[in-house]
Structure formats: structure tokens, C-alpha cells
**Q** 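Got a structure for you, questions after.
Just so you know, these numbers use all the heavy atoms, side chains as well, and skip hydrogens, waters and symmetry mates. Everything quoted here is computed from the prediction, not taken from an experiment.
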Amino acid sequence: MNWPLEAFLSFLAAGAFGIIFNIPKKTLISCGLVGMSGWLFYRSYFLMFDDPIQATFAGAFIVAIVAHILAKIFKMPMIIFSVAGIIPLVPGSRAYNAMRNIVENDYMEAVDFAVQALMISGAIAMGLVFAEVLMQLYFKYQARRTQKKMGFTQE
């Protein structure tokens, strides 16, 4: 495994999709960093535990957390960073192999690839949702703490 090459390619993929999605130019590098962080976390987790679905969940979770942080820094919507950032995690090859096997009349293999693609897609969605819930809880806690310091509580 070549870590620098994978880091560069995932950065490039996320940044290129940011260009396709017409994101603001000042966020291109940040979008690339979001995609790269998600991919490197995915690869690390996959190498440790050999489960692509859990690794994808973890990668998507990291993408969403980093996207939230950058959204606060840039004062922009989180979706600008998260959509481009999840691109390296999308199971395109599995979906392609499912369709190829359907065309070749190898339906059992096609179902296997299709189920894998579906599970990985679900893991992406779950990772994004879990991170969103966690960040909303954190922001709510932080807002209450700030209100308490300033004496605006209703206790």
C-alpha cells in the first residue's frame, strides 16, 4: 500500500468533484482535505479490521465531523464539504461489477456485489447521520454552557 499516493489521489478526487459541483474556489483545498481524511481513515480501519462496511461508516463519520468543523471556520453550509468528501468512499466499482455480472448472466455474483454496494451506501449515510447528531448535541451543549456563563439560563 502506498499511503502518499492514496492520500494524493483521494485529495484529487474530492477536489475534482468539488469543481464539478461548482463549490467556491476558496474551499477547494478544504474539500480535498475532507475527502483525503475520510479515505485515509477508511483505509486504516479496513487494514486493521478487514470489514469494508464498518470502515466506510468510520470514514463517512470522519468526513462529516471534519466537514462540520470546516463549515464553522468558513461560515458555509456543511454540505459543501461533505458531498465532495464522501466521493472517495462511494462503492462505484461494486455497483459496476453488479451490473456487469447481470449482463453476463451470473446472477449470484451480481447479487453479492449489489448487496455489498447497498450496504456500503447505507454505511455512508449512517456515518453522516451519526456525526450530524453528535455535532448537534455538542453545539446544543456548547450553547447552553455559553448561556450559563452569561447568566441567561432559565433555571
**Q** When clusters are formed by joining ILVMFWY residues with side-chain heavy atoms under 4.5 Å apart, either directly or through shared neighbours, do Met126 and Leu89 land in the same one?
**A** yes
**Q** Enumerate the residue pairs fulfilling side-chain hydrogen bond (donor to acceptor under 3.5 Å, both in side chains) with a member in residues 22-42, sequence neighbours excluded, ordered by first and then second residue.
**A** Glu6-Trp39
**Q** Listed by chain and number, what are the side chain to side chain contact (heavy atoms under 4.5 Å, CB included) partners of Ile29, not counting sequence neighbours?
**A** Phe11, Leu33
**Q** Tyr45: which residues meet the side chain to side chain contact (heavy atoms under 4.5 Å, CB included) condition with it, sequence neighbours left out?
**A** Phe49, Gln54, Ala55, Ala58
**Q** Do Val63 and Leu9 land in one hydrophobic cluster if side-chain heavy atoms of ILVMFWY residues count as linked below 4.5 Å?
**A** no
**Q** Counting C-beta onward and ignoring hydrogens, is there a side-chain heavy-atom pair between Leu128 and Phe61 closer than 4.5 Å?
**A** no
**Q** Closest heavy-atom contact between Ala123 and Ala60?
**A** O-CB, 4.3 Å
**Q** Would Val133 and Ile124 show up in the same hydrophobic cluster when neighbours are defined by side-chain heavy atoms closer than 4.5 Å?
**A** no
**Q** Looking only at heavy atoms, what is the nearest atom pair of Ser10 and Met36, with distance?
**A** OG-CA, 3.4 Å
**Q** To the nearest 0.5 Å, how far apart are CD in Gln142 and CG in Leu137?
**A** 12.5 Å
**Q** With Asn97, which residues qualify under side chain to side chain contact (heavy atoms under 4.5 Å, CB included), at least two apart?
**A** Arg100, Asn101, Phe113
**Q** Are any non-hydrogen side-chain atoms of Arg144 and Lys148 less than 4.5 angstrom apart?
**A** no
**Q** Which pair of non-hydrogen atoms, one from Gly35 and one from Ala14, has the smallest distance, and what is that distance?
**A** CA-CB, 3.7 Å
**Q** Sort and list the pairs that fulfil side-chain hydrogen bond (donor to acceptor under 3.5 Å, both in side chains) and have at least one residue in residues 115-127, not counting sequence neighbours.
**A** Arg94-Gln116, Asp112-Gln116
**Q** If the condition is ring-ring contact (aromatic ring centres under 6.0 Å, His included), which residues does Phe130 pass it with, not counting sequence neighbours?
**A** Phe57
**Q** Taking Met76 as the starting point, is it possible to reach Ile23 by hopping between hydrophobic residues whose side chains are less than 4.5 Å apart?
**A** yes
**Q** Is atom CE of Met108 surrounded by more than 12 heavy atoms (other residues, nucleotides or ligands) closer than 6.0 Å?
**A** no
**Q** Listing request: all ring-ring contact (aromatic ring centres under 6.0 Å, His included) pairs with a residue in residues 69-90, at least two apart in sequence or in separate chains.
**A** Phe74-Phe81
**Q** What residues, two or more places apart in sequence or in another chain, satisfy ring-ring contact (aromatic ring centres under 6.0 Å, His included) together with Tyr138?
**A** none
**Q** Roughly how far, to the nearest 0.5 Å, is the CE atom of Met78 from the NZ atom of Lys72?
**A** 12.0 Å
**Q** Can you find a heavy atom in the side chain of Ile73 that is under 4.5 Å from one in the side chain of Leu70?
**A** yes
**Q** Give a yes or no on this: more than 12 heavy atoms of other residues, nucleotides or ligands lie within 6.0 Å of atom CE of Met135.
**A** yes
**Q** For residues 16-35, pull every pair meeting ring-ring contact (aromatic ring centres under 6.0 Å, His included), keeping only residues two or more places apart or in separate chains.
**A** Phe17-Phe21
**Q** Honestly curious: do Ile20 and Leu28 fall in one hydrophobic cluster under the side-chain, below-4.5 Å linking rule?
**A** yes
**Q** Using the test side chain to side chain contact (heavy atoms under 4.5 Å, CB included), find all partners of Ile79 that sit at least two apart in sequence or belong to another chain.
**A** Pro77, Ser82, Val83
**Q** How about CZ on Phe8, more than 12 heavy atoms from neighbouring residues, nucleotides or ligands closer than 6.0 Å, or not?
**A** no
**Q** Pairs in or reaching into residues 124-135: which pass side-chain hydrogen bond (donor to acceptor under 3.5 Å, both in side chains), with residues at least two apart or in two chains?
**A** His68-Glu132, Glu132-Gln136
**Q** Heavy atoms only: give me the nearest Gly85-Val34 pair and the separation to one decimal.
**A** CA-CG1, 3.8 Å
**Q** For Tyr96, what are the other residues in its hydrophobic cluster, where any two members join if their side-chain heavy atoms are less than 4.5 angstrom apart?
**A** none
**Q** Closest heavy-atom contact between Ala84 and Cys31?
**A** CB-CB, 4.0 Å
